[in-house]
Amino acid sequence: MNNIFAVASIVIKELYRRKDFYVLFILTALICLVMATVNIFNDKHIIRYLKEICLLLIWVASLVIAISTTARQIPAERENRTLLPLLAKPLSRTQLILGKFFGCWIACGLALICFYGFFGALSGSREHLWPLMNYMQAAFLHWIMLGVVVAGVLLGSLVFAAPSSNSTISFVVVAGILLVGRHLDKVALTMQEPSRSIVYSVYYAIPHLELFDLRDLIIHNWPLVPWKIFSLAILYALAYATALLIATCVMFRRKAVN
Amino acid sequence: MARDFEPFESAMSAILKTEKLRVEFSSREFRQATKVALTGLDLEVNAGEIFGFLGPNGAGKTTTMNVLLGFVPPTSGAAYLFGIDVRQPIARQRIGYLPELTYYYKFLTAEELLRFYAKIFSLAPGETDKRIDQLLKLVELEHARKRPIKSYSKGMQQRVGLAQALINNPDLLILDEPTSGLDPLGRMKVREIIQRLKNEGKTVFFSSHELGEVETVCDRVAIIHQGELKAVGRVNEITGKHASLEKAFLEIIGYPTPSTP
């Protein structure tokens, strides 16, 4: 565990010493603050649009941070040759992968705390409502979802050597899952065999990241998600993240490092 | 066949050993032949000696080091560090490694980098602080310990690399072309550090193209060419009747040397 957290601490340090997070946070804050000055229908109490824009920006920014941070980890270690002195120490390849995973995931969690803190302050100042449990539930499921994304991108970084190609492909896949994933079963119904079976297989194989999206519940001030469903969603994400991490470890153990 | 010279000291125990080490790289290109990087390499490095590993580019020096460090699995044969198979991470507990031309984490300072590597060796906090102070003094980077590595010159980066290789006070140091790309002053400093490590009783296994440097600091050398061990022995034995190690090296690898007037 000591080695895993040593590697993770370097990833976290990298995130807060790079400009990516600050740029995205300032950009999100600026857009939201500008939007907050607009009075829709001259009614100061209409803030639904503001919450929607802010949460959308938070989702986009968090995915950018998760994918770009994770995608460069192993390729940058290879390119700068820091992988060599690292693996020459009593650190196993599995520990390295787990360290990178936890580092990226915790870094994403820290970024989410800042983003949701800003969102809570902004919406609370306009709405005078503080549904903290709802925010915490949304932020936590969001973070759990990012765990699946981080594990997937880590696997991708072993397949695609260049961070840019890995980032691009990961963005396309994650956006595809979020936007189209939930409709694949309906699409399959309109198809002939064997396409129908293929699309159905894809529908059941992909992690349904949209299940972790509680934006609508926050925007419309709906009640909390039942804790049983909340727990099942966490287990669902953990199963996918574990499977992806096992695949990454197996692949990395077989890879020659030179 | 390798030319065998006298063993350095028969009483010394081998802490680095390879047995009939063979490494093949299969080509990703269609119908391309498999590349043989090492062919049955037998090598022994004894405790306390400085061992130079020589060979032209592409001879198999870095591949040998990669096998020793567990980066590349051998196709056949075996390699041991302190009698432990190199495929086990524990074999690397007592070694330090400096790769050729490494660009360490730019966002860290030298002190943070060393602290990170110390954590991997599970050094106690007090011991870590002491060790970092000693090493930064040894590599003459005390003044720059709080500066990010991205602001370091190439020589400074190489010295911080040497410091990370020494963080666990290793018994065996594996250095891959430690003076590559350094100016004469940088080379001299690295050479001084190697010499100092020798005086402390450390074993150093290093590859280099600087034959003059090898002649100065090494107890024994091995010459490898096209994956095959061509010669191994003490520097003066290898040099033999030749005027310099360079001339002997060229003859051993089969390069026609110009006759001296």
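Chain identifiers are assigned alphabetically (A, B, ...) following the order of the sequence lines, protein sequences preceding nucleic acid strands; residue numbering begins at 1 within each chain. The model shown is predicted, which means the values in this text are computed figures rather than measured ones.
When heavy atoms are compared at a cutoff of 4.5 Å, E100(B) approaches chain A by way of both its backbone and its side chain. Contacts between Q95(A) and chain B at a heavy-atom distance below 4.5 Å are absent for every atom of the residue. No part of R18(A) comes within reach of chain B, as not one of its non-hydrogen atoms sits under 4.5 angstrom from that chain. Neither the backbone nor the side chain of I90(B) comes within contact range of chain A, judged by heavy atoms closer than 4.5 Å.
Residue with the most contacts toward chain A among L108(B), N168(B), I95(B): L108(B) (heavy-atom pairs, distance under 4.5 Å).
Put simply, the side chain of K255(A) gets close to the backbone of L158(A): a donor and an acceptor are under 3.5 Å apart.
The aromatic rings of W59(A) and H142(A) lie parallel to each other, their planes meeting at an angle below 30°, with 60° marking the opposite boundary.
Residues D129(B) and R115(B) are paired through a salt bridge, judged by an N-O separation under 4.0 Å between the basic side chain and the carboxylate.
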Steps toward side-chain contact (heavy atoms from CB on, under 4.5 Å) verdict (F118(A), C32(A)): CA-CA 10 Å; F118(A) 169 74; C32(A) 292; 3.8 Å; yes
Chi angles and distances behind the ring pair (Phe, Tyr, Trp, His ring centres under 6.0 Å) call for F53(B), F206(B): CA-CA 6 Å; F53(B) 197 40; F206(B) 81 104; over 10 Å; no
